[in-house]
Amino acid sequence: MSLAKEKISNMLAAAVEKAQRDGILPQVPIPEYLIEKPQNPLHGDYACTLPLKLARIAKMNPLQIAQKLVDMITPTDEIESVTAAAPGFLNFTLRAEWLQKRVPLIIKGGSHFGDTDTGKAQKVQIEFVSVNPTGPMHVGHGRGGIIGSTLANVLSAAGFHVKKEYYVNDAGNQIDLFNKSLYARYKQALGLDEPMPADGYMGEYMKDLGKKFADEFGDKFEKIQLADGQKQLGAIGQERMITWIKEDLAQANVSYDNWFSENDLYKKGSYRKAITLLKEQGYVTEKEGAQWFASTILGEDKDNVLVRSTGAPTYFASDVAYHYNKFVERGFDRVIDIWGADHRGHINRKKMATYAMGIDPNRLQILIYQLVTLKRGDEVIRISKRTGNIITLREIIDEVGPDAVRFFFLQRSADSQMEFDLELAKKQSSENPVFYIQYAHARIVSILRSAAERGITWENGDVSKLTDKAELAFIRKMIQLEEVVENAALAMEPHHLPHYAMGLANSFTQFYEHCRVLTPDSELTYARLKLVEAGRIALSRTLTLMGMSTPEKM
RNA sequence: GCGUCCGUAGCUCAAUUGGACAGAGCAUCAGACUUCGAAUCUGAGGGUUCAGGGUUCGAGUCCCUGCGGGCGCACCA
């Protein structure tokens, strides 16, 4: 919580306590209340609705309660005034002197300005994208990557110890299918007859890859036994796919601390231990030759297969093992999984499996983002990796640039189903809010550059000169960053950042229009340059949290 | 059919988690550059928040019903 908000909260709590002690308010339980930012600046910097909430319980007029509380509060260094407003709001206004003093603190904060200690160093693991290494990433996957990487940034800023992870599904059915498909394309490229498997990966990229490997390795894999050839060639193909995915993600400025192999769950015993644990807890039943997770015991509407009658584990089983590994073997306090809406139906069974292993299911949080509909003008593009009809993330990034793509995806809340119109995205890229924000940053740097060229040093600038409305509004906006960070982190809603960034850029621009920085008045110039430097830090931090670049020239 | 997410300005989306007059960008219209960056700024128009009921001091937000759309409902992942 930001300093000002915290102070107000404490002030208010003290006032309520005193009012009750003095018999001005009846001895009733005090309801939960929040210190909020009113959307109308006329209502001050912060507001509280406690009197309204208290009215019924205390059987008093809310405005009267507000009035009495105002009387109990004495202004502080931070707060200039507290007023009661109909029908029962408390409005707090920050003191200009206090705001001015934030400027050197922002500069001191530097690249850590906006950080909070909300997370108390809790260990959080966040897993996102994790598409199978069987093909390129399409635009929809990009949304998960961008939401995930930004949320990770925000959580780190909020004081959590965050590890980002990509789960590589390098085992199971889809991999077999990929191997067979690749092998078929490879042999075809060698001029030999080999049918594609039913439901194989039909995309053009598989033909390219087959051809590439035919050139690279000749008939090396064709000469050995079929199953071995498929497996060995497949392994190389998967490697290639992972490299490809990594490159695509890197282009979108998405990176990871760890790439976790599904195969390791089997090799290192996590799978065996997790299933054994479930059995010991009595949650595994046997039906029709398969082993099931008996989630119906816990209220699910159906059980889920863990081990097929063939003896092969399902995806669900390895995922259970994976989460056993996250919680038990690696000891994360919290685990966040980011999934597309097509996995929505798996939340319950996943949470129940977590519970069944003796882990508090609230430690597992699943963030669902709605799928992206791709359009080209009015035409909806159906995505299918198997038939090969995909628009890749890379294509979009090449077309509109990584910053615009990130901003475009980030702006929408995760549960809004968004349309990505390729024509529009391209057209809008020159008329994008992204450029407005980055332009503000470039302009700031340009002002600082001009000052430096004129040999002006402003480090000792006196911030008490910053009294213009636009100057104070700009400071107000800057210090809001830590509230945005905290809120975005706790609610897992990174989409607040772009909106904040727009507001911040806008309040700088307002300042720029109203207040000339480099003026004949050298004292004023120093003070304003100091403010501009603080603005640079705030804007730069905001852009960085969103994974965007901070251009100094455009 | 059942579950789930969504429906807000012409378009794309916000709305501090139940608060004050529902806000931005784009688009449209009218203005502003001899300045530290005009990729900018000033102003205008644009709304029955899908519809109907309910809960309460207060509802875009919560509950119910209906309509419309996305996504699920495999021994696929």
Interatomic distance, [X] [atom1] vs [N] [atom2] [rounded to whole Å]:
X: A/Gln39; N: B/G18; atom1: CD; atom2: P; result: 15 Å
X: A/Leu481; N: B/U16; atom1: CG; atom2: P; result: 19 Å
X: A/Arg516; N: B/C36; atom1: CZ; atom2: C1'; result: 5 Å
X: A/Arg349; N: B/G72; atom1: CZ; atom2: P; result: 14 Å
X: A/Phe435; N: B/G37; atom1: CZ; atom2: P; result: 20 Å
X: A/Asn348; N: B/U4; atom1: CG; atom2: C1'; result: 10 Å
X: A/Tyr369; N: B/G70; atom1: OH; atom2: C1'; result: 14 Å

In terms of side-chain heavy atoms of [X], which of [options] is nearest?
X: A/Ala341; options: B/G37, B/C71, B/A77; result: B/C71
X: A/Arg454; options: B/C71, B/C36, B/A15; result: B/C36
X: A/Tyr512; options: B/C21, B/C36, B/C5; result: B/C36
X: A/Asp415; options: B/C5, B/U16, B/G19; result: B/C5
X: A/Arg443; options: B/A15, B/C36, B/G37; result: B/G37
X: A/Asp342; options: B/A77, B/C36, B/C71; result: B/C71
X: A/Tyr315; options: B/C41, B/A77, B/C6; result: B/A77
X: A/Lys302; options: B/C71, B/U17, B/C73; result: B/C73
X: A/Glu36; options: B/U17, B/C36, B/G18; result: B/U17
X: A/Val305; options: B/C75, B/C36, B/C57; result: B/C75

Looking for any heavy atom pair under 4.0 Å, which part of the strands does [X] touch: base, sugar-phosphate only, or nothing?
X: A/Ser446; answer: base
X: A/Thr49; answer: base
X: A/Ala442; answer: base
X: A/Leu518; answer: base
X: A/Ala491; answer: base
X: A/Glu493; answer: base
X: A/Phe316; answer: nothing
X: A/Gln417; answer: base
X: A/Asn91; answer: base
X: A/Arg344; answer: sugar-phosphate
X: A/Pro62; answer: nothing
X: A/Ser413; answer: sugar-phosphate
X: A/Ala290; answer: base
X: A/Met502; answer: sugar-phosphate

Is any side-chain nitrogen or oxygen of [X] closer than 4.0 Å to OP1 or OP2 of [N]?
X: A/Arg56; N: B/C57; result: yes
X: A/Ser416; N: B/A14; result: yes
X: A/Gln370; N: B/U4; result: no
X: A/Tyr436; N: B/C41; result: yes

Distance, [atom1] atom - from [M] to [N], rounded to whole angstrom:
N: B/C5; M: B/G23; atom1: C1'; answer: 24 Å
N: B/U55; M: B/C62; atom1: C1'; answer: 8 Å
N: B/G10; M: B/A20; atom1: P; answer: 23 Å
N: B/G47; M: B/A77; atom1: C1'; answer: 44 Å
N: B/A39; M: B/C33; atom1: P; answer: 15 Å
N: B/C6; M: B/U49; atom1: C1'; answer: 14 Å
N: B/G60; M: B/U17; atom1: C1'; answer: 12 Å

- Message: According to a cutoff of under 5.5 Å between the ring centres and under 30° between the ring planes, does A/His43 stack with the base of B/A20?
- Response: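 Here the ring of A/His43 and the base of B/A20 are stacked, with centres under 5.5 Å and planes under 30°.
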
- Ring centroids of A/Phe89 and B/A20 base under 5.5 Å with planes under 30°: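 Stack criterion met.
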
Does [N] have a Watson-Crick or wobble partner in any strand here, with both distances under 3.5 angstrom, and which is it?
N: B/G3; answer: B/C71
N: B/C26; answer: B/G10
N: B/U17; answer: none
N: B/C62; answer: B/G54

- Message: Below 30° counts as parallel, above 60° as perpendicular, anything between as tilted: where do the rings of A/Phe474 and A/Phe511 land?
- Response: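 Geometry flag for A/Phe511 against A/Phe474: parallel rings.
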
- Query: According to the interplanar angle, ranging from 0 to 90°, do the rings of A/His499 and A/His495 count as parallel (below 30°), tilted (30 to 60°) or perpendicular (above 60°)?
  - Reply: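 Rings of A/His499 and A/His495: perpendicular, as their planes differ by over 60°.
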
- Task: Could you say whether A/Leu34 or A/Ala171 is positioned toward the 5' end of RNA chain B, judged by the nucleotide with the nearest heavy atom to each?
- Result: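 Mapping each residue to its closest nucleotide by heavy atoms, the 5'-most match is A/Leu34.
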
- How do A/Thr310 and A/Ala47 order along RNA chain B: which one's closest nucleotide is nearer the 5' end?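 Residue closer to the 5' terminus by nearest nucleotide: A/Ala47.
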
- Message: I want to check something: taking the side chain as every heavy atom from C-beta on, are A/Tyr436 and A/Asn506 in contact at a cut-off of under 4.5 Å?
- Response: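 Yes. Closest side-chain heavy atoms under 4.5 Å.
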
Return yes if the base of [N] and the side-chain atoms of [X] contain a donor-acceptor N/O pair under 3.5 Å, otherwise no.
X: A/Asn40; N: B/C21; result: yes
X: A/Thr509; N: B/C41; result: no
X: A/His496; N: B/A15; result: no

- Message: Both conditions, 6.0 Å and 45 degrees, for the charged tip of A/Lys530 above the ring of A/Tyr526: are they met here?
- Response: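 No, A/Lys530 and A/Tyr526 do not form such a contact.
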
- Message: Taking the six-membered ring of A/Phe316 as reference, does the cationic atom of A/Arg349 (NZ for Lys, CZ for Arg) lie under 6.0 Å from its centre and within 45° of its axis?
- Response: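 Flagged: A/Arg349 positioned over aromatic ring of A/Phe316.
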
- A/Arg449, CZ atom: more than 12 neighbouring heavy atoms under 6.0 Å: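 Check passes, neighbour count above 12.
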
- Over 12 non-hydrogen atoms of neighbours within 6.0 angstrom of NZ in A/Lys469: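 Atom NZ in A/Lys469 is not packed in, count stays at 12 or less.
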
- Would you say the side-chain atoms of A/His346 and A/Asp319 include a donor-acceptor pair closer than 3.5 Å?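 Not at all, the side chains of A/His346 and A/Asp319 share no donor-acceptor pair under 3.5 Å.
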
- Task: Of all the heavy-atom pairs spanning A/Met352 and A/Ser295, show the shortest one and how long it is.
- Result: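 Answer, listing the atom of A/Met352 first, then A/Ser295: SD-O, 4.1 Å.
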
